[in-house]
Every structure is written in structure tokens, then in C-alpha cells.
Amino acid sequence: MRNMRIKDLLNTAPSEKIVVAEGWVRTRRDGKNVTFLELNDGSSLKGLQVVIDKEKLNDINLDGISTGSSVHAEGVIVESHGEQKVELSLTSIALIGECPDDYPLQKKRHTVEFLREKAHLRARTNLFGAVARVRNTMSYAIHSFFQENGFVYVNTPIITASDCEGAGEQFQVTTLDLENVPKGEDGKVDYTKDFFGKMANLTVSGQLEGETYALALKDIYTFGPTFRAENSNTTRHLAEFWMVEPEMAFTDLYGDMEVAEKFLKYVFSRVLEKNPEDMAFFDNFVLKGVIETLEHVINSPFEHMTYTDAISILEKVNDKFEYQVHWGSDIQSEHERYLTEVVAKRPVIVTDYPKEIKAFYMKMNDDGKTVRGMDVLAPRLGEIIGGSEREWRLDVLKERMQELGLKEEDYWWYLELRKFGSVPHSGFGLGFERAVQYVTGVQNIRDVIPYPRYVKSAEF
RNA sequence: UCUCCUGUAGCUCAGUCGGUAGAGCAGGUGGCUGUUAACCACCCUGUCGGGGGUUCGAAUCCCUCCGGGGGAGCCA
């Protein structure tokens, strides 16, 4: 039988019954007659206070019970004299694992940079424990949102042999001997000798494969790891991250935006509902007002504007910006912030971008200049979701690919989708870690994933 | 990749005009009638990121390499 979690012990009414509490000691405070331990097992932010009456338990052995050690404590749940509701009045205690004094986590504040170097231990801190619990809630909420709405979870491949959409640099997957790469007569690498008989990479997006399943099962979503080999060194990029990509058949851009908005609100609501204690911690120690921001996002309809409207708003205040905008230019971080924080004061969905700055698969508008793409911009963070109605007309798609110099044979199966029973369909992608950052207020994306992978960093 | 900032005790940091390193926490010892990252007293802790240079003298100034961080680009 397993013992109770500390989270459940904290919700236990005082009684005579002997219970067991197991966990790691966060702090020990010694008085003349009384010793206090705070015991945490990660099941909740708050730990259980263990009270050791040394007068009553006169031959109790507390050797080795220090910050970081693990213990097995027995006692009864009693009403606390202190600020917590209940505490454990100890009857016996046993040290499970000692913790020498070179334990890096002390009972004081550490910087996240320091803890990043101790990634194998940082989950034992308040901050990283709370992030892990919230991340879990969000993960579960993503599945339950789509499941409750009849979407089918599809596992798209992690290794791909087509450089689809060119959404960034890819990691190559190979079993070739790099010390002795087989070359053809033209001096180029002979990939027919490689494992797959051709060049293979880690996926940068499951979208194109996702579309094939949407055009069979109507509403699908993917949720899995994604890889980008970009040399980007920011608080918002990882080389390995998780992405959520729903794809819906018989759905236009309006339907797409509707789902994106409901989806975000659902996930945020779940966190506020299930992790109030963790969220209060973030609000207090990480980002003041983060709960209010989330409540505001949940309760206000997202602002909609076309790219063209967004540009004309921004052009009026061009002198505020480092980069001036004009029709055709990208919307930069500073502009995203202006639109969400100054103009709308809530999330903004920008639609109908110039075709030049968006991917080949987005549906062409009748004006021949803009495409049916949409970005959901969140205050403070910028782009959190990117999506579009897909070009489902075979001739228009082929034309676009030609314009961009994409080879039809590389996308033969993607084109056949448009040849055989094509339908309008739409989808979007959400960077999971960015969503976790948004909800927790944690500044650096490297702190919302257990073991971050980025340029020159793959420790653990 | 560009750009700015930064590296001092186990951790968080101070160190002025260049004069030979310091506080809190942690650790140790003792004290304390129930504490809340307890408190009080005492003790312990250094390749000042590495290398080179300027100087009578460098944590401090210069060069260089390495590590960390912010911002930008790219994006999710």
C-alpha cells in the first residue's frame, strides 16, 4: 500500500489515527524542546509542518535530518498553533536518505540561472515544482479540450524525409559514418547508403501530415515534440519544444479563429481552477498581476483586425518604433506589443497577411495579394498562435509553389490531397512552452521545460 | 548571428580615486517555552572566471579567451 501524499495530509481533519508522511525536508528549525520540520513531496506547493516534542520523545534521533534529506515520519494530524491549519505531531521518524552539506539547494532564494545548472534538482524548489504542476495541468487540458470537442489525437512522425514548409533549420538524422561519408561520382553525399535511403531530418512541424488525417477524420490534433536547429539565443526559443497543432476539415479561417480563442481560454481557465496555490505563488514571486491578466484574457473577446488595418494603426505612430512599418513589412515584437498592450489591451488576432511574408500553403485571397493567415498575439508575449486556412485548390497551390521555387515532386502526397476529394480546411500551431511561459509569467523559456535544449546546451 | 550587460566565499551580492577582500545566507558550536526561508552569540569559508599586459602596487585600468544574462533578428 502507498502512503498518503502531503497534499492530502494537509486536507486531513485532526484525528487520533497514526499517519505516515514521507518527503524531503525543506527546512528545520530547532528550539530547546521543540523541533520543526517542513516536509514537501512535490504534491503541493505547501509542505507539511512536522512538530517534534523532544521532551515527550526523549530519545528521538534527529541526526542527519537536514535540508534536502528524505524522511519517513509517523504521527497524528493535529490542529496547528501556527499559521497553517494542520500539522503532524510526531511519534517516530526515520531518515531515508541523508543530504550532505554540499547540497546545492539551500533554504534561500536562488537565481534561475544557477538552478538551470542544477536541472536534475531544481524540481525540488517551489518555483520549478509549481511550473511542473502547471505544465501538467495545461498538457491535460489541451487533450481534454480537443477530446471533449471530438478531435482525434494523431501522432505525426518525428523523423521526416521531406523538408516541408522550410519552417527553419532542421536537425539531420543519419546512421552514416561521419568520419567516412559515402560519396557519389558527383562528389556529393550518397544518401542511398543512409538508413532511410534518403536524407532525413527531425520534424519542424506535424502540420502537413496532420492535414492528411484531417482530410479523413475531419478534426484532428497533434501534440508532440518539434525540433529547430536555428542559432537563436532568446528567452522564447528552444531547439526542442512541444507543439500543439489542430487541423479541421470543412473549416474556414473564421472557424479556425473561433477554435483558437476557445482553446486558449479553456486551457487558461483550467489552470486557474486546478492550481490556485501555484498561481498565487507566480503572482507573488514571479510576475505581479499574472492571475488578473489571465482572467482578463478569459473574459474578454479577442480583438480582430486585418494586417492592412494593423499597419495603418502602426504607421500613425511610426516614430515610436525602432523599426518603421509599411504595408508589406513584417510585424515585429515591438509592434505586436503596441497592438496588444496599447491599442487593444487584450489578445489580438491579425489576419490576411501579404503572401510574401507567409508560408506557401496559406489560402490565397481574391485580391491576389494577401493570404488567409492569422496570428494570435498576446500582451507581454507576442505571437502565441499562428494559423491559417490552407490552400485547398490544386491549381492555385501549384502556382504558389512555382512562384516560390518549390519542387512538386517533394510535395507529391501533399498535392494529391488536393487532387482527391479536396476540401477547405484550416488549422493552427501553439508553442506549448510559450503558453506555459504566458500562464506562469516565467521569463525564460528554458525554465518551463524540465531539460531545455538550445544552442551549445544539451546537458542532462 | 548582431548588440549591450555581467563573472568576487557553497549561494546572493557589496567592494568609492588602483593601496592588497567584506556582508547576509548556508555550514559548525553554544543559547532560546511553538517556530514559519525563526531568532541571538561566536567560529569557519577565497586561484576576485582563465591567460597576458600597464603599474612601486590590479578585484579595480587595457588586451584576449571562456562562461552566464538581457535585447534584436528568425520564429512557435
Side-chain angles (χ1 to χ4, degrees), chain A residues 25-38 40 46-55 66-68 78-84 87 89 99-118 125-126 165-169 203-207 223 225-245 285 321-323 330-337 357-359 375-378 381-387 428-438 443-449 454-457 459:
Chain A
V25 175
R26 281 292 179 81
T27 173
R28 169 175 170 174
R29 295 180 288 272
D30 281 294
K32 189 178 185 185
N33 300 317
V34 190
T35 288
F36 297 94
L37 301 179
E38 195 193 320
N40 189 291
K46 285 207 179 68
L48 176 68
Q49 171 157 283
V50 176
V51 187
I52 303 166
D53 187 331
K54 287 182 280 196
E55 276 184 318
S66 59
T67 301
V78 297
E79 209 170 300
S80 178
H81 304 192
E83 55 196 40
Q84 52 281 318
E87 61 191 22
S89 177
C99 191
D101 61 25
D102 54 350
Y103 181 54
L105 306 183
Q106 298 165 7
K107 52 175 182 181
K108 56 168 297 224
R109 220 186 106 82
H110 293 286
T111 60
V112 288
E113 291 80 19
F114 170 73
L115 292 169
R116 217 170 279 153
E117 291 166 11
K118 314 284 176 199
T125 63
N126 286 338
E165 80 163 293
E169 292 293 313
T203 184
V204 292
S205 163
Q207 182 198 315
F223 183 12
T226 307
F227 308 87
R228 304 270 168 99
E230 297 283 357
N231 182 16
S232 50
N233 221 281
T234 78
T235 53
R236 308 181 295 286
H237 290 86
L238 290 168
E240 177 183 296
F241 64 100
W242 286 62
M243 192 148 64
V244 182
E245 294 180 291
F285 299 107
F321 302 125
E322 190 184 339
Y323 294 91
D330 263 319
I331 294 181
Q332 318 262 17
S333 309
E334 56 178 338
H335 310 131
E336 291 176 350
R337 247 172 273 132
I357 59 173
K358 288 291 176 183
D375 284 351
V376 180
L377 311 179
L381 191 77
E383 185 183 340
I384 188 167
I385 279 179
F428 61 83
L430 169 91
F432 183 51
E433 282 74 20
R434 287 198 184 165
V436 179
Q437 265 186 290
Y438 192 70
Q443 258 212 335
N444 196 313
I445 199 165
R446 295 165 186 177
D447 300 324
V448 296
I449 188 167
Y454 48 97
V455 188
K456 299 270 187 286
S457 182
E459 191 64 48

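Throughout, protein chains are lettered first and strands after them, A, B, ... in sequence-line order, and every chain is numbered starting at 1. No hydrogens, no waters, no symmetry mates; every other heavy atom, side chains included, goes into these values.
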Identify each atom pair where a protein N or O and an N or O of nucleotides 66-70 of chain B are less than 3.5 Å apart, giving names and distance.
from, atom 1, to, atom 2, distance (Å)
B/rG69, OP1, A/Arg116, NH1, 2.5
B/rG69, OP1, A/Arg446, NH1, 3.4
B/rG70, OP1, A/Asn444, ND2, 2.8
B/rG70, OP2, A/Asn444, ND2, 3.4

At under 4.0 Å between heavy atoms, what does [X] touch on the DNA or RNA strands: base, sugar-phosphate, or nothing?
X: A/Thr226; answer: nothing
X: A/Glu322; answer: nothing
X: A/Glu83; answer: base
X: A/Leu105; answer: nothing
X: A/Phe114; answer: sugar-phosphate
X: A/Tyr323; answer: sugar-phosphate
X: A/Thr27; answer: sugar-phosphate
X: A/His237; answer: base

If we take the [atom1] atom in both [N] and [M], what is their distance in whole Å?
N: B/rG52; M: B/rA38; atom1: C1'; answer: 50 Å
N: B/rC74; M: B/rU6; atom1: C1'; answer: 26 Å
N: B/rA9; M: B/rG24; atom1: C1'; answer: 12 Å
N: B/rC61; M: B/rU8; atom1: P; answer: 15 Å
N: B/rG53; M: B/rU60; atom1: C1'; answer: 15 Å

For [N] and [X] - does any side-chain N or O of the residue sit under 4.0 Å from the phosphate oxygens OP1/OP2?
X: A/Arg26; N: B/rA38; value: no
X: A/Gln332; N: B/rA72; value: no
X: A/Arg29; N: B/rU35; value: no
X: A/Arg236; N: B/rA72; value: yes
X: A/Gln207; N: B/rA76; value: no

Among all residues two or more places apart in sequence or in another chain, which pass the side chain to side chain contact (heavy atoms under 4.5 Å, CB included) test with [X]?
X: A/Arg29; result: A/Thr27, A/Phe36, A/Gln49
X: A/Ser66; result: A/Ser69, A/Cys99
X: A/Arg236; result: A/Thr234, A/Ser333, A/Arg434

**OP:** With RNA chain B as reference, determine whether A/Gly31 or A/Trp242 sits nearer its 5' end, using the nearest nucleotide of each.
**Re:**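 Between the two, 5'-proximity favours A/Gly31.
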
Identify which nucleotide among [options] has an atom closest to any side-chain atom of [X], counting heavy atoms from C-beta outward.
X: A/His81; options: B/rG34, B/rA76, B/rU33; value: B/rG34
X: A/Ser232; options: B/rA76, B/rG73, B/rA72; value: B/rG73
X: A/Glu87; options: B/rA76, B/rU35, B/rU33; value: B/rU35
X: A/Asn33; options: B/rU35, B/rG34, B/rU33; value: B/rU33

**OP:** Going 5' to 3' through nucleotides 3-8 of chain B, assign each nucleotide B (protein heavy atom under 4.0 Å from a base atom), S (under 4.0 Å only from sugar-phosphate atoms) or - (no protein heavy atom that close).
**Re:** ------

Original post:
Reading nucleotides 22-29 of chain B from the 5' end, what letters show protein touch, with B for base, S for backbone sugar-phosphate only, - for no heavy atom under 4.0 Å?
Top reply: --BSSS--

Within the sub-3.5 Å range, which N or O atoms of nucleotides 44-46 of chain B have a protein N or O partner, and how far apart are they?
none

With sequence neighbours excluded, tell me which residues meet salt bridge (charged side-chain N to carboxylate O under 4.0 Å, His left out) with [X].
X: A/Asp30; value: A/Arg28, A/Lys54
X: A/Glu433; value: A/Arg135
X: A/Lys358; value: A/Asp375

Original post:
Could one point to a donor on the side chain of A/Gln49 or the base of B/rU35 with an acceptor on the other under 3.5 Å away?
Top reply: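 Between B/rU35 and A/Gln49, which were checked side chain against base, a qualifying N/O pair under 3.5 Å is present.
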
**OP:** Send over the distance from A/Asn231 CG to B/rG73 C1', rounded to a whole Å.
**Re:**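 One finds 11 Å between C1' of B/rG73 and CG of A/Asn231, rounded.
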
Subject >> Euclidean distance, atom CZ of residue A/Phe428 to atom C1' of B/rC75 [Å, nearest integer] >> reply: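 Value for this atom pair: 18 Å.
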
Just the table, please: protein N/O against nucleotides 47-49 of chain B N/O, every pair under 3.5 Å.
none

**OP:** Extract the stems that RNA chain B is part of, considering only consecutive pairing runs of at least three Watson-Crick or G-U wobble pairs, both distances under 3.5 Å.
**Re:**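 Stem list for RNA chain B: B:1-7 with B:66-72, B:10-13 with B:22-25, B:27-31 with B:39-43, B:49-53 with B:61-65.
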
Subject >> Side chain A/Glu334, main chain A/Tyr323, donor-acceptor under 3.5 Å >> reply: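 Side chain of A/Glu334 to backbone of A/Tyr323: a pair is present.
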
**OP:** Indicate yes or no for a side-chain donor-acceptor contact from A/Arg228 to the backbone of A/Leu238 under 3.5 Å, with no hydrogens or angles considered.
**Re:**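 Not confirmed, A/Arg228 side chain does not pair with A/Leu238 backbone.
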
**OP:** Answer yes or no as to whether B/rA38 has its base stacked against A/Phe36, where stacking requires a ring-centre separation under 5.5 angstrom and planes under 30 degrees apart.
**Re:**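 Aromatic stack with B/rA38 absent for A/Phe36.
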
